Amino acid sequence: QVQLVESGGGLVQAGGSLRLSCAASGRTFSRSPMGWFRQAPGKEREFVAGISWSGAYTAAAEFAKGRFTISRDDAKNTLYLQMSTLKPEDTAVYYCAAGELYYSDYVGDQNSDYGYWGQGTQVTVSS
């Protein structure tokens, strides 16, 4: 099992940057694909970015490409999401997620690809 705790959210002006962190506990972090999702008020949770267990493969939603970067540090059991050039439409609760296809290079972009979720961290971008 993996327990996930996000941090780093907050209020930022449009054009600014934030780095989200997801601290993981449990023995399986280093062999799990990981992802970031977000949910804005009144909308469904959507994929932001994902990374394979090895870190060799990543995927990102169209809105995230060129602005958001996902990375992982297995020595620290931590997943990151570096966000730049933030826009008001990026306002949402951001969730960290861990998959269960251990040692797989598959990077899922569906909620169902991930079995473990954090509690979320709020990101608010003001115009």
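One is the number of the first residue; the rest follow in order along the sequence. Since we're looking at a predicted model, the values are computed, not measured.
A donor-acceptor pair is defined here as one N or O able to donate and one able to accept, closer than 3.5 Å; no such pair exists between the side chain of Ser112 and the backbone of Gln110. A side-chain donor-acceptor contact under 3.5 Å links Ser84 to the backbone of Arg67. A donor-acceptor pair under 3.5 Å is formed between the side chain of Glu6 and the backbone N or O of Cys96.
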| field | Worked check of side-chain contact (heavy atoms from CB on, under 4.5 Å) between Val123 and Asp90 | value | CA-CA 8 Å; Val123 171; Asp90 294 319; 5.5 Å; no
| said: Quick one, Val48 with Phe63, criterion side-chain contact (heavy atoms from CB on, under 4.5 Å). Give me CA distance, side-chain angles, the key distance, then yes/no. | reply: CA-CA 8 Å; Val48 177; Phe63 65 79; 4.1 Å; yes
| task | Would you check, one step at a time, whether the test side-chain contact (heavy atoms from CB on, under 4.5 Å) holds for Thr121 with Val93? | result | CA-CA 5 Å; Thr121 185; Val93 177; 6.0 Å; no
| When you look at Phe47 and Trp36, which way does the side-chain contact (heavy atoms from CB on, under 4.5 Å) test go after all the steps? | CA-CA 6 Å; Phe47 174 74; Trp36 287 98; over 6 Å; no
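Contact check for Glu46 versus Asp109: no side-chain heavy atoms found under the 4.5 Å cut-off. Using a 4.5 Å heavy-atom threshold, the side chains of Thr124 and Val12 count as separate. Proximity of Val107 to Ser52: side-chain heavy atoms (C-beta onward) are separated by under 4.5 Å at one or more points. For the pair Asn111/Trp117, a side-chain contact is recorded, criterion being any heavy-atom separation below 4.5 Å from C-beta on.
Nearest heavy-atom pair, Gly108 versus Tyr114, reported as atom, atom and distance to 0.1 Å: O-OH, 2.7 Å. In terms of heavy-atom proximity, Tyr94 sits nearest to Ala92 at CD1-O, 3.4 Å. Residues Ala23 and Thr78 approach most closely at CA-OG1, 4.4 Å, considering heavy atoms. Of all non-hydrogen atoms in Asp105 and Ser54, the two that sit nearest each other are OD1-OG, 3.5 Å. Nearest approach of Pro88 to Ser127, heavy atoms of both residues: CG-CB, 3.8 Å.
Atom-to-atom distance recorded for Arg31:CZ and Trp53:CH2 is 10.5 Å, nearest 0.5 angstrom. Taken from CZ in Phe29 to OH in Tyr116, the straight-line distance is 14.0 Å, to the nearest 0.5 Å. Atom NZ in Lys43 sits 8.0 Å away from atom CZ in Arg38 (nearest 0.5 Å). Between atom OG of residue Ser32 and atom CD of residue Glu100 there is a gap of 8.0 Å, rounded to the nearest 0.5 Å. Taking CZ from Phe37 and CG from Asp113, the interatomic distance works out to 7.0 Å, rounded to the nearest 0.5 Å. Annotation: the span from Cys22 atom SG to Ile70 atom CD1 amounts to 9.5 Å, rounded to 0.5 Å.
Heavy-atom neighbours of Tyr57 OH from other residues, nucleotides or ligands within 6.0 Å: at or below the threshold of 12. Counting non-hydrogen atoms of neighbouring residues, nucleotides and ligands closer than 6.0 angstrom, the CD atom of Gln119 exceeds 12 such neighbours.
For Arg72, the salt bridge (charged side-chain N to carboxylate O under 4.0 Å, His left out) partners at least two apart in sequence or on another chain are Asp74. By the side-chain hydrogen bond (donor to acceptor under 3.5 Å, both in side chains) test, Lys65 is found to be paired with Glu62, residues two or more places apart in sequence or in another chain being considered.
Hydrophobic cluster membership is shared by Leu20 and Val125, with clusters built from Ile, Leu, Val, Met, Phe, Trp and Tyr side chains linked at under 4.5 angstrom. Cluster membership for Leu18 and Tyr95, using ILVMFWY side-chain heavy atoms within less than 4.5 angstrom, is not shared.
Counted by atom type alone, Ser25 and Gln3 present one or more donor-acceptor pairs between their side chains at under 3.5 Å.
Evaluated for a side-chain contact (heavy atoms from CB on, under 4.5 Å) with Ile51, the options Leu81, Thr58, Thr69 yield exactly one hit, Thr58.
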